[in-house]
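Taking it in order: structure first as structure tokens, then the write-up.
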Amino acid sequence: MPELPEVEVIARALRQGGRGASAIRGARVRAARVLWPRTVAEPTPAAFQSLWPGRTIVDVGRRGKFLRLYLDDGWHALVHLRMSGDLVVQPTGIALPRHARLYLDLDDGRRLVFNDPRKFGRWWLTRDPAAVLGHLGPEPLDPAFTPAVLAQRLRGRRARIKALLLDQRVLAGVGNIYADEALHRAGLHPLRRAASLTAAEITALWRALRAVLQEGIARNGTSIDWMYQGGAYQQHLRVYGRHGQVCYTCGERIQRLRVAQRSTHFCPRCQPRPAE
DNA sequence: CCTGAAACCTGTCTGC
DNA sequence: TGCAGACAGGTTTCAG
């Protein structure tokens, strides 16, 4: 479900409210309850529950696809939504969502619920967030992320460009949807070897990545099924999920293939296949 | 270093 | 209608 834009929209809603989601910044946690033990990656579920009471959520941020809760005393909660995770703020009194895996009860009577049908999502509660986030590549929307940085990350890599865009060590936050959209916008075939890209092509890819991610955020993400009323980007996808349909740019039929075990959508005319 | 397969899970949709 | 199979926005681990 969530890639960088979706996680960013959730982080903003939790930080400052809006779109019906109430902010949790500044809230104090009364208790934590783990309903599916494997949801907690660190520490043990029992320790997780006993460490929460009394802690304040000082701020909310994002790093790659990780949601980051800054707590007092140097503690951090890191949340990865993986495929189907979702965060909901609701009154303590009402019924939990169907796939609630963990929740935090706040002093003010609200409850932050982690709902996750497929159970892939993970939480960490730690004083050493770098141990979890340290391997991540640069933030694509950070001013420090320039075409030169992207070129350096791809230098000497013979893997297919699509696979590298999905590799969080190369670049943090891009997932299957935005990778396909960016490659189409840049006119690059997903099977191109990274090392074969020219400087101009890397710059085009850099521009395309930033554009699709920013547009995703501006439209509140691609998904439609969580707390904030988002998801408008879904109507703006140019290749993802459109195989068999007509390319808006050139009229050719969008095709689909498998790259790095992921469905990959592209336009055979806009994104010419490498000679190789 | 690179690729592919499998595993972790549940829900939904498609085709027969 | 029923049921098998494919597929899903992610990541880790392992084999070759």
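Worth saying up front: this structure is predicted, and the values here are computed from it rather than measured. So that the names make sense, note that chain A is the first sequence line, chain B the second, and so on, each numbered from 1. Just the heavy atoms: all of them, side chains too, but no hydrogens, waters or symmetry mates, feed the values below.
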Is there a Watson-Crick or G-U wobble partner for dC13(B) with both distances under 3.5 Å, and if so, which one is it?
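dG5(C) - that is the nucleotide pairing with dC13(B), both distances being under 3.5 Å.
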Counterpart base for dC1(B), defined by Watson-Crick or G-U wobble contacts under 3.5 Å:
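Matched dC1(B) with nothing under the 3.5 Å cut-off.
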Under 4.0 Å between a side-chain nitrogen and a carboxylate oxygen: does that hold for Arg185(A) and Glu215(A)?
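Answer for the salt bridge query: yes.
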Indicate yes or no: does Arg62(A) engage Glu139(A) in a salt bridge with an N to O separation below 4.0 Å.
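Salt bridge between Arg62(A) and Glu139(A), a charged N being under 4.0 Å from a carboxylate O: yes.
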Where the side chain of His99(A) is defined as all heavy atoms beyond and including C-beta, which of dC8(B), dT10(B), dG4(B) is the nearest nucleotide?
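Closest nucleotide among those given: dT10(B).
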Nearest-neighbour nucleotide for the Phe120(A) side chain, dT11(C), dT3(B), dG10(C) considered:
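For Phe120(A), the side-chain atoms sit closest to dG10(C).
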Just to be sure I understand the rule, does Arg38(A) reach a base, reach only the sugar-phosphate, or reach nothing, if contact means heavy atoms closer than 4.0 Å?
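The residue Arg38(A) makes sugar-phosphate contact but no base contact.
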With a non-hydrogen cut-off below 4.0 angstrom, is Arg169(A) in contact with a base, only sugar-phosphate, or nothing?
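The answer is nothing, as Arg169(A) stays clear of every strand by at least 4.0 Å.
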Please work out which of the three classes, parallel, tilted or perpendicular, describes the rings of Tyr70(A) and His76(A), given edges at 30° and 60°.
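Answer is perpendicular, since the angle exceeds 60°.
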Distance in angstrom units between Leu154(A) CG and dC1(B) C1', rounded
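The answer, rounded to whole Å, is 15 Å.
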Please give, in whole Å, the distance from dT11(C) C1' to Phe66(A) CZ?
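Checked: the CZ to C1' distance equals 9 Å.
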Between protein and nucleic acid, restricted to nucleotides 4-8 of chain C and to nitrogen or oxygen atoms under 3.5 Å apart, what atom pairs and distances do you find?
| residue | atom | partner | partner atom | Å |
| --- | --- | --- | --- | --- |
| dA8(C) | OP1 | Ser263(A) | OG | 2.4 |
| dA8(C) | OP2 | Arg258(A) | NH2 | 3.0 |
| dA8(C) | N3 | Arg118(A) | NH1 | 3.2 |

For Tyr248(A), does the six-membered ring have the charged nitrogen or CZ of Arg242(A) within the cation-pi criterion, i.e. under 6.0 angstrom from the centroid and within 45° of the normal?
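Yes, Arg242(A) sits over the ring of Tyr248(A).
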Among Val259(A), Ile202(A), Leu205(A), Leu166(A), whose side-chain contact (heavy atoms from CB on, under 4.5 Å) with Ile161(A) holds?
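The residue from Val259(A), Ile202(A), Leu205(A), Leu166(A) that satisfies side-chain contact (heavy atoms from CB on, under 4.5 Å) with Ile161(A) turns out to be Leu205(A).
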Any side-chain N or O of [X] under 4.0 Å from OP1/OP2 of [N]?
X         : N       : value
Lys65(A)  : dT11(C) : yes
Lys119(A) : dT10(B) : yes
Arg82(A)  : dG9(C)  : no

Arg238(A) side chain to Thr249(A) side chain, donor-acceptor N/O pair below 3.5 angstrom
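On atom types as modelled, these side chains qualify, holding a pair under 3.5 Å.
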Distance check, [atom1] atoms only: [N] and [M], in whole angstrom units.
N       : M       : atom1 : result
dC8(B)  : dC3(C)  : P     : 26 Å
dG11(B) : dT11(C) : P     : 22 Å
dC7(C)  : dA5(B)  : P     : 13 Å

Nearest 0.5 angstrom please: Leu4(A) CG to Ile177(A) CD1, how far?
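Rounded to the nearest 0.5 Å, the CG-CD1 separation comes out at 12.5 Å.
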Tell me which of Arg158(A) and Gln261(A) sits closer to the 5' end of DNA chain B, going by the nucleotide each one is nearest to.
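Comparing both residues, the 5'-ward one is Arg158(A).
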